[in-house]
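All chains are named by letter (A, B, ...) in the order of the sequence lines, taking the proteins before the strands, and each is independently numbered beginning at 1.
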Number of protein chains: 2
Amino acid sequence: MNPYKYMKNAIIVGQYKPGTRLTEKALADELQVSRTPIREAIKQLEVDGLITPYKKRGYVVKSFSIEDIRQIYNVRALLEGYATGEAAVMRTEEDLERIAAKNTAYRQAIEAVDRENIETIQYIQQINQQFHSEILFAARNDHLKALIERVVVVPIIFRSFYWYDERQLMRSLQVHETILQAIRHRESDRARVAMQEHIYQGRDDVIEALQKQNILQDE
Amino acid sequence: MNPYKYMKNAIIVGQYKPGTRLTEKALADELQVSRTPIREAIKQLEVDGLITPYKKRGYVVKSFSIEDIRQIYNVRALLEGYATGEAAVMRTEEDLERIAAKNTAYRQAIEAVDRENIETIQYIQQINQQFHSEILFAARNDHLKALIERVVVVPIIFRSFYWYDERQLMRSLQVHETILQAIRHRESDRARVAMQEHIYQGRDDVIEALQKQNILQDE
DNA sequence: AAATATCATACGGTATACAATAGGTCAATA
DNA sequence: TATTGACCTATTGTATACCGTATGATATTT
């Protein structure tokens, strides 16, 4: 695994926590490579907005306020809503089948969920991402796709923050169904709105979970 | 000027034309630095989407098809429209004054335009950019701002492709007025729509100019 | 003449040595 | 005790040498 992917993953899974200081030397030692490839990775992570320079002495992993998260999710809702609307117009039959397949997989994953087993939840998240990816592909707009992939990094970091309860999972499934049907019937506007709602829901779940956690920290 | 800025500018002003092959060595010689800072700049330009790897032997400056340009402008209209709507809600009195000031400057620049003098046209473009920047600032969403700044690079490259005629300039001014008024009266939706229209107009002007040029090339 | 194999080399990938500098420490002074 | 200044060091910035490899040219074979 190259340094960029390694470090990005480390940030996403929380191995490098927000506020962690990163220096080229330390990273080079950890990944057993020289500073050159590390510098490269750092530059990329910087434009990704995942790390930020720390007074000319290395970098720190960015931390996100609740307001940051709200803004990011709002932009994501805008972009991914638009993409979904476009997908409803541009999709081929094959696109539709692939999206439908992910939706079926999603339903099955939810039916098979086992709260004792974290992997079943991670699997749901994974299928969910694939559903979104298929829609993005069907929208046939590479620039839009690239932009969304950038915006989506932070939501991915925080995806482990919401442990859907049964009710949330079912609601999420229903919205997926709605989106699929709207794309099927080429109802662009409805597809857009349903996706936006889906993402706003995710936003609120994350924010709620974060606020609960903060309260716990204060006590 | 650091290598990244230098190269980015060179691409924007057309010094490195689309399709130009770039090698680390050649760039290092040209900029009188070693390969290390060049590599750094190249990595950043790559994530900017301005250059692209050329079969494991260096990079080429990306070229954009008309379809690319259409997609990019559409995404820009979406994002900047949203930002303008947000600005109408979030703006302070000071924001409003700054936006109004840019608008006044814009009107004066248009009145003073001299078709024989290219600088007066460049000046209009510059003020136009500042008008957009002020609105972006007033929207108070850093993530949105960062995203738009990325999307806007390609439109900047192509900005010299449209030589507004008198009619276009006046229309452009009128839309600016509309946007300003909508922001003033906190009419979010109207602000959004007016900005979108403004950008779509720019899109069509660029595409028209490019198509005319292609016809000339074919002959 | 076409297809394949061989090889040289151009070029990016990596490591590392050296240079520049910001920031903190500690001592000297007010 | 507070403030200034000098110096040390941690850490990034840059240059460069070496390594690995894909590409394209050349030669060889059919």
Are the side chain of B:Glu80 and the backbone of B:His132 linked by a donor-acceptor contact shorter than 3.5 Å? no

Can you tell me how far apart CD1 (B:Ile42) and CD (A:Glu40) are? Round to the nearest 0.5 Å. 10.0 Å

Protein-proximity profile, nucleotides 13-22 of chain C, B/S/- by nucleotide at the 4.0 Å heavy-atom cutoff, equals BBBB----BB

We want to know whether B:Thr23 and B:Tyr59 form a side-chain donor-acceptor pair, criterion being a heavy-atom distance below 3.5 angstrom. no

Whole-Å distance separating the CD1 atom of B:Ile38 from the P atom of C:dC11: 15 Å

Looking only at non-hydrogen atoms, find the nearest pair between A:Ile72 and A:Val151 and report the distance. CG2-O, 3.7 Å

Tell me the closest heavy-atom pair linking A:Met90 and A:Asp95, and the distance in Å. O-OD2, 4.5 Å

Side-chain (B:Lys17) to main-chain (B:Gly14) donor-acceptor, under 3.5 angstrom: yes

At the 4.0 Å heavy-atom cut-off to chain A, mark where contacts on DNA chain D begin and end, going 5' to 3'. D:dA10 to D:dT14

Within 45° of the six-membered ring axis of B:Phe137 and under 6.0 Å from that ring's centre, is NZ or CZ of B:Arg140 located there? yes

Nearest heavy atoms of A:Gln71 and B:Asn141, plus distance in Å: OE1-OD1, 3.1 Å

